[in-house]
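Order of the sequence lines fixes the chain letters, A, B, ..., with proteins taken first and strands second; residue numbering starts at 1 for each chain. Computed over heavy atoms, backbone and side chain alike; hydrogens, waters and symmetry mates excluded.
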Amino acid sequence: NAGVTQTPKFQVLKTGQSMTLQCAQDMNHNSMYWYRQDPGMGLRLIYYSASEGTTDKGEVPNGYNVSRLNKREFSLRLESAAPSQTSVYFCASSSRVGSAKTFSNQPQHFGDGTRLSIL
Amino acid sequence: GDSVTQMEGPVTLSEEAFLTINCTYTATGYPSLFWYVQYPGEGLQLLLKATKADDKGSNKGFEATYRKETTSFHLEKGSVQVSDSAVYFCALSDRNTGGFKTIFGAGTRLFVKA
């Protein structure tokens with residue numbers, strides 16, 4: 001069971017270049033997320049998709065776009081990379097069952113991350 | 001808004017020592033609380049959770065009790081091992097935001113020496 005798979009694992013870009021980070025999950029989860037992890041700041045939510053066909057902004061959405069391609073896949077795009085976007089990016093998914101109360105009890109399942117450096 | 005504060009690291013312990021990592025939270029609603037662990041080169045994985053006041057979450061010898069009166073969820077383990085070396089994140093998920101926005105603490109790095 002692969003869980004959440006992210007590609008690529010590492011990437012170096014030049015300022016102004018674009019790229020798409022890919023994420024796929026095989027757990028039949030409804031909800032998917034993109035986070036960035038920076039030293040001393042924990043994880044910050046970039047975008048999330050509560051269910052197939054919907055996407056919403058998180059805490060730090062500027063400079064990013066997302067696509068929920070289908071139930072399994074949720075991609076993150078950097079249209080014009082900037083050095084401030086150097087970070088480790090994590091995709092996560094979770095099951096959405098029942099009410100908001102029960103849903104909030106569900107843990108998130110994470111991929112192994114993409115380490116992105118922008119020069 | 002909701003927030004999570006956890007003790008700064010790194011925390012360095014000898015094998016078999018007692019571990020406490022402090023975590024406090026603020027939330028306007030009724031949060032569920034989590035501890036996640038991150039091993040080098042990997043993503044976060046759930047360690048334990050508690051969904052209401054006075055619940056105790058436990059897993060792999062780790063424990064944490066949801067204390068509403070002190071808004072805390074401290075992580076404890078009676079005897080740590082070298083293999084417990086990792087970064088630990090406290091987190092909350094508030095049903096008032098539909099559970100979609102999990103708030104993470106900054107993480108506490110633990111080193112365990114043999």
Side-chain angles (χ1 to χ4, degrees), chain A residues 2-6 9-10 21 23 25 27 29-51 54-61 88-115, chain B residues 1-10 21 23-25 27-53 55 57 59 64 66 86-109:
Chain A
V4 179
T5 303
Q6 292 183 237
K9 294 189 182 302
F10 303 94
L21 307 185
C23 175
Q25 53 90 11
M27 295 173 284
H29 284 167
N30 299 94
S31 300
M32 298 185 73
Y33 313 82
W34 276 105
Y35 293 92
R36 59 179 290 174
Q37 183 180 31
D38 301 295
M41 301 187 73
L43 273 73
R44 292 183 292 169
L45 183 65
I46 304 171
Y47 271 92
Y48 68 98
S49 172
S51 59
T54 69
T55 60
D56 285 284
K57 295 178 180 179
E59 181 184 356
V60 288
V88 182
Y89 290 84
F90 288 98
C91 178
S93 69
S94 65
S95 176
R96 184 182 184 191
V97 292
S99 66
K101 174 181 177 179
T102 54
F103 175 67
S104 67
N105 298 341
Q106 302 303 312
Q108 296 187 8
H109 299 258
F110 287 81
D112 286 341
T114 295
R115 188 173 296 276
Chain B
D2 295 352
S3 66
V4 174
T5 303
Q6 57 182 109
M7 65 188 289
E8 292 188 18
I21 299 177
C23 171
T24 57
Y25 68 90
T28 54
Y30 304 91
S32 296
L33 302 175
F34 305 84
W35 277 101
Y36 287 85
V37 59
Q38 183 181 31
Y39 299 103
E42 298 182 8
L44 281 68
Q45 54 186 276
L46 179 70
L47 181 60
L48 53 83
K49 70 176 185 181
T51 59
K52 61 183 186 295
D55 269 2
N59 186 27
Y66 190 142
V87 182
Y88 293 82
F89 291 89
C90 185
L92 72 81
S93 177
D94 190 339
R95 71 186 68 163
N96 283 357
T97 60
F100 297 118
K101 296 183 178 180
T102 298
I103 307 299
F104 291 87
T108 301
R109 184 176 296 276

Requested in this report: Answer with yes or no after comparing the ring centroid distance for Phe110(A) and Tyr35(A) against a 6.0 Å cut-off, counting only values under it.
Outcome: yes
Report summary line: Okay, Gln6(A) and chain B: the region with an atom under 4.5 Å from a heavy atom over there is neither
**Report entry** Top contributor to chain A interface from Gln38(B), Arg109(B), Glu8(B) [non-hydrogen pairs under 4.5 Å]
**Finding:** Gln38(B)
Query raised in the report: Among Leu44(B), Leu46(B), Leu92(B), which residue forms the greatest number of heavy-atom pairs with chain A at distances under 4.5 Å?
Result: Leu44(B)
Query raised in the report: Is there a donor-acceptor pair under 3.5 Å between the side chain of Gln6(B) and the backbone N or O of Cys90(B)?
Result: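 Side chain of Gln6(B) to backbone of Cys90(B): a pair is present.
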Report task. Give me the ring orientation class for Phe89(B) and Phe104(B): parallel if the planes are under 30° apart, tilted from 30 to 60°, perpendicular past 60°. Result -> perpendicular
Requested in this report: Would you tell me whether Ser94(A) and Tyr33(A) have side-chain atoms, one donor and one acceptor, within less than 3.5 Å of each other?
Outcome: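 A donor-acceptor contact under 3.5 Å links the two side chains.
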